[in-house]
Amino acid sequence: MGYKETLLQPIMIGNRKCENRFFAQPMECVDSDEEGNPTDLTYQRYEKLFNGHFGFIDLEAITVTNESRARKTQLEIMPRNVKALEKFVKRLKEIYPQALFVFQLTHSGEISEPEFSRRVTVKPVYGLEGDLLSEEEVDVIMDQFALASKIVQDIGADGVDMKLCHGYLGSQILRPYNDRNWKYGGSWEKRRQFAFDLQERILKAVNYDKDFLIGSKVSMWEAFPGGCGSAGADSPLMDMTEPIDMLKGLEERGAQYFVESLGNVHCSMEFMEAGKEDPYLSYLHMYFTDLMKKNLKPETVVVGSHFSSFRGKKNKLLSIEPEKSSMFAMGARCIEDGMMDMVGLGRQSFADPLTPLKLEEGREDEIKYCNQCMNCEELMIRQVPVGCVTFNKHYTDLFRQIRIEKGKLTELHT
Ligand SMILES: Cc1cc2nc3c(=O)[nH]c(=O)nc-3n(C[C@H](O)[C@H](O)[C@H](O)COP(=O)(O)O)c2cc1C
């Protein structure tokens, strides 16, 4: 089978049919209004992804509370947002009703920005001190996730991605570093219980509707001592026992899909999204998707991450023919070899939101490929609307203006 056939082949996710193997990664774009509702810029971005025929679209990290959040103009999902989000989903579903559309629910925890919100923590990490969360507060947060999930269901979206990655609250609680003795800290049994309880509360809120999709994007390895996927509270050694056990436990409790990821926005961002000097880090992600597939039931869908660096046939990878290392060829190869089921596109979905459609229509030569300039990331860190600085003039101009006003950013982390 050629890569086109593989990538355009449908797949079942739980009870739902997904049209093809393209997954639009959640990409925070800092362009909501002051109430956390979508603006024209948000509409433009998602309309393009729906027009681009992504089979599965994960709405960017949307916060379940505005008390603690990472971006000033981050999308929010609370009762006050229902009307605006309902209109948003309705509009997008009109464009390409086949797409499965889930919301990535998040709480930023220690990544919350103290300038405009409350930074909270379950155990202060060096460089990220915040208010210690009580058990009662975590209980309230879990209710906020459950309420948000009910809203997702009521407004006609297809499910949720319970965010457990990149150093936001989900990963903070799970990591071995959270060795404080409390309800969700200390032993692995107590830490993993957070993810299990959270998923159960969500499923209860949506009345265990089997058509409702539930899954998680996970940082299998946070890449710092004590981070998720390490051997102990201060151990620099990688150990996959806990992440695999958690995925199996979530699967047993009804999760239908998982999105692989690595790293943490505070300290190990290159593992999450490498710049152009490190395209080879993409291969590391495949090790983890393969491990996930080997340990989960065959029907549990695993989405691979970090495919933007493979680009088209004119990529910058050496030692392998470009025909074999292009994004499409490599994505299809990983699916055919059973390492994963879907290809996640993050930065590439900015560079060319019509990527799947162009493959479908035989217009591959018209695809614009991400050059990993990381200027989109810089816009996010600057707390301004995010998009492709290379191929979208609106963001090119915004980026230029910011560099003139504020100079070059010296460090790329939150
Ligand atoms: C500007 C920007 C925003 C992002 N926002 C999110 C997000 O909201 N949730 C998430 O899980 N990952 C987020 N990511 C990570 C991507 O979803 C993806 O995992 C990463 O970019 C690697 O995939 P790629 O090589 O296709 O870009 C973001 C990345 C960038 C550059």
Side-chain angles (χ1 to χ4, degrees), residues 22-32 42 45-46 49 54 56-63 69-71 74-75 77 102-108 111 160-171 215-220 222 258-265 268-276 278-286 288-289 303-311 315 327 330-331 340 342-353 355 369-390 392 395 399 412-414:
F22 286 102
F23 174 88
Q25 290 274 17
M27 299 293 282
E28 266 190 84
C29 284
V30 202
D31 58 14
S32 79
T42 329
R45 289 191 290 114
Y46 284 94
L49 293 176
F54 275 89
F56 195 177
I57 299 176
D58 196 351
L59 180 89
E60 69 206 73
I62 182 166
T63 180
R69 61 194 200 283
R71 325 282 164 224
Q74 180 165 1
L75 291 177
I77 180 158
V102 301
F103 281 35
Q104 187 183 56
L105 304 182
T106 194
H107 184 293
S108 296
I111 307 293
V160 296
D161 161 1
M162 217 171 71
K163 186 170 185 176
L164 300 177
C165 62
H166 303 162
Y168 295 88
L169 188 68
S171 33
S216 287
K217 184 163 170 181
V218 289
S219 275
M220 296 293 284
E222 278 193 288
F258 294 106
V259 185
E260 181 273 350
S261 198
L262 301 172
N264 169 306
V265 277
S268 50
M269 218 178 64
E270 40 292 83
F271 290 96
M272 165 184 162
E273 58 208 31
K276 62 175 99 180
D278 300 312
Y280 296 91
L281 282 177
S282 298
Y283 295 118
L284 187 62
H285 289 259
M286 291 167 194
F288 293 95
T289 54
V303 181
S305 289
H306 214 276
F307 276 86
S308 294
S309 47
F310 289 110
R311 303 170 44 92
N315 65 34
M327 184 191 306
M330 196 54 82
M340 58 181 217
M342 297 193 72
V343 181
L345 299 182
R347 291 163 291 178
Q348 175 61 23
S349 74
F350 283 166
D352 198 337
T355 302
Y369 288 101
C370 169
N371 60 11
Q372 290 176 280
C373 66
M374 297 309 287
N375 292 337
C376 56
E377 182 70 36
E378 180 169 336
L379 290 174
M380 185 172 89
I381 291 165
R382 305 272 203 185
Q383 298 275 350
V384 295
V386 179
C388 184
V389 172
T390 306
N392 187 324
Y395 300 101
F399 187 78
L412 264 189
H413 65 71
T414 331

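Atoms within a ligand are numbered from 1 in the order they appear, just like the ligands themselves.
- The shortest N/O to N/O separation between S309 and ligand 1 does not fall below 3.5 Å.
- By the criterion of a heavy-atom distance under 4.0 Å, the side chain of C165, and not its backbone, is placed next to ligand 1.
- Checked against side-chain contact (heavy atoms from CB on, under 4.5 Å), T355 has the following partners two or more places apart in sequence or in another chain: F328, L345, Q348, D352, I367.
- The heavy-atom pair separating K217 from S261 by the smallest distance is CE-CB, 3.8 Å.
- Two residues are said to be in side-chain contact when any heavy atoms from C-beta on lie closer than 4.5 Å; M272 and H285 fail this criterion.
- Relative to atom 18 (C) of ligand 1, the option among K217, R347, Q348 with the closest non-hydrogen atom is K217.
- Regarding atom 29 (C) of ligand 1, its nearest protein heavy-atom neighbour is E273 OE1, 2.9 Å.
- Nearest protein heavy-atom contact of atom 7 (C) of ligand 1 is P26 O, 3.2 Å.
- Within the 4.5 Å cutoff, the side chain of L59 has no heavy atoms near those of the V102 side chain.
- In terms of polar-atom proximity, defined here as any N/O pair under 3.5 Å, M380 makes no such contact with ligand 1.
- Contact check for C29 versus F350: side-chain heavy atoms found under the 4.5 Å cut-off.
- Near Q104, meaning under 4.0 Å from one of its heavy atoms, ligand 1 places the atoms 7 (C), 8 (O), 9 (N), 10 (C), 11 (O).
- Contact of the Q25 side chain with the V259 side chain is registered, since non-hydrogen atoms from C-beta on lie closer than 4.5 Å.
- Between A61 and ligand 1, an N or O atom pair is found at a separation short of 3.5 Å.
- Scored by the salt bridge (Lys or Arg N to Asp or Glu O under 4.0 Å) test, R45 finds D31, E60 as partners (sequence neighbours excluded).
- In this structure, M330 and Y283 have side chains that are in contact, with non-hydrogen atoms separated by less than 4.5 Å.
- Shortest contact from atom 31 (C) of ligand 1 to any protein heavy atom: E377 OE1, 3.3 Å.
- Considering backbone and side-chain N/O atoms, S308 comes within less than 3.5 Å of an N/O atom of ligand 1.
- Side chains of S309 and S282: a donor on one and an acceptor on the other come within 3.5 Å.
- Under 4.0 angstrom from ligand 1, the non-hydrogen atoms of K163 all belong to its side chain.
- Within the 4.5 Å cutoff, side-chain heavy atoms of M374 are placed close to those of E273.
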Problem set entry | From CA spacing to verdict: side chain to side chain contact (heavy atoms under 4.5 Å, CB included), C373, T390 | CA-CA 8 Å; C373 66; T390 306; 3.8 Å; yes

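- Summary of contacts: the protein heavy atom closest to atom 3 (C) of ligand 1 is E28 N, 3.5 Å.
- Taking every heavy atom of L345 and a limit of under 4.0 angstrom, the matching atoms of ligand 1 come to 26 (O).
- Distance from atom 2 (C) of ligand 1 to its nearest protein heavy atom, with residue and atom name: M27 CE, 3.8 Å.
- In this comparison of Q25, M272, E60, the heavy atom closest to atom 20 (C) of ligand 1 sits on M272.
- Of all atoms in ligand 1, numbered sequentially from 1 with element shown, those under 4.0 Å from a heavy atom of F307 are 25 (O), 26 (O).
- The shortest N or O to N or O distance between G346 and ligand 1 is below 3.5 Å.
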